[in-house]
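Comments concern the structure below.
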Amino acid sequence: KGQGRIEMEHFYLAAMYLSATTRRAQLRCPSWISSTGDSDLVLAGPARSPLLTGEVKLLTAQVVENLDWRQELVGLVDFRRRGSTVEVIDRVPDHGVRYDIHVYGGVNVRNNLAQGDFLTDVRVVGINQYVNLFGEVKGTRGTFDFKGHECRADRAVVFFNNPVRIDPE
């Protein structure tokens, strides 16, 4: 379900306010997570740099593909940059869609890196070129690969509080 308003100026798109609500929709971002969820999203602002905000509740999410975590994660989150993405998106003009989306819910992982169930509560913040995660992912009873060694965990927490570092507990 969606609704919205588009503003034109001299036959060019000037601004927009579009909202969408989905229930049990198939989600495709990132492509290596097969998931369904409920979402309430708003895309609003000037046409050159609208802001996508809202919430996505993961109902089912599963990672089953074998992954090269360095390639996939660095492609999703740019750890090399210093500074807050929030600061960057306020300074850079005409950069495309900006993001500030709260994603939460369960994720089941069964691949070459880990096996387990995780609860996700993160904010995806940034622009197309620089996306950061803020929040945490909690895991219970699972296994994961660390430098070629299989490890068992009864409890795990990964914090995403710093855009240039992941903090496991």
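Basis for what follows: all heavy atoms, side chains included, without hydrogens, waters or symmetry-related copies. Quick caveat: nothing in here was measured; it's all calculated off a predicted structure.
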Does Asp40 come within less than 4.0 Å of Arg23, counting only side-chain N to carboxylate O?
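Salt bridge between Asp40 and Arg23, a charged N being under 4.0 Å from a carboxylate O: yes.
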
On a heavy-atom basis, which atom in [X] and which in [Y] lie closest, and how many Å separate them?
{"X": "Met16", "Y": "Ala47", "value": "CE-CA, 4.0 Å"}
{"X": "Gly106", "Y": "Ala61", "value": "O-CB, 3.5 Å"}
{"X": "Ala14", "Y": "Glu9", "value": "CB-CB, 3.8 Å"}
{"X": "Arg152", "Y": "Thr143", "value": "CG-CG2, 4.0 Å"}

With sequence neighbours excluded, tell me which residues meet ring pair (Phe, Tyr, Trp, His ring centres under 6.0 Å) with Tyr17.
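Tyr17: no ring pair (Phe, Tyr, Trp, His ring centres under 6.0 Å) contacts found.
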
Separation of [Y] [atom2] from [X] [atom1] (nearest 0.5 Å):
{"X": "Leu18", "Y": "Ile6", "atom1": "CG", "atom2": "CD1", "result": "5.5 Å"}
{"X": "Lys138", "Y": "Thr120", "atom1": "NZ", "atom2": "OG1", "result": "11.0 Å"}
{"X": "Leu13", "Y": "Met8", "atom1": "CG", "atom2": "CE", "result": "6.0 Å"}
{"X": "Leu41", "Y": "Tyr99", "atom1": "CG", "atom2": "OH", "result": "11.5 Å"}
{"X": "Lys1", "Y": "Thr21", "atom1": "NZ", "atom2": "OG1", "result": "5.5 Å"}

Membership question, hydrophobic clusters at under 4.5 Å side-chain separation (ILVMFWY): are [Y] and [X] in the same one?
{"X": "Val122", "Y": "Leu59", "value": "no"}
{"X": "Val124", "Y": "Val137", "value": "yes"}
{"X": "Ile101", "Y": "Leu119", "value": "no"}
{"X": "Tyr104", "Y": "Leu133", "value": "no"}

Side-chain (Thr22) to main-chain (Ser39) donor-acceptor, under 3.5 angstrom
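Present.
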
Tell me whether Asp38 contacts the main-chain N or O of Arg24 through its side chain, where contact means a donor paired with an acceptor under 3.5 Å.
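Yes, because the side chain of Asp38 sits within donor-acceptor range (under 3.5 Å) of the backbone of Arg24.
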
Minimum side-chain heavy-atom gap Leu43-Leu51 below 4.5 Å
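Not in contact.
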
Is any side-chain heavy atom of Thr53 less than 4.5 Å from a side-chain heavy atom of His102?
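No, too far: nothing below the 4.5 Å cut-off.
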
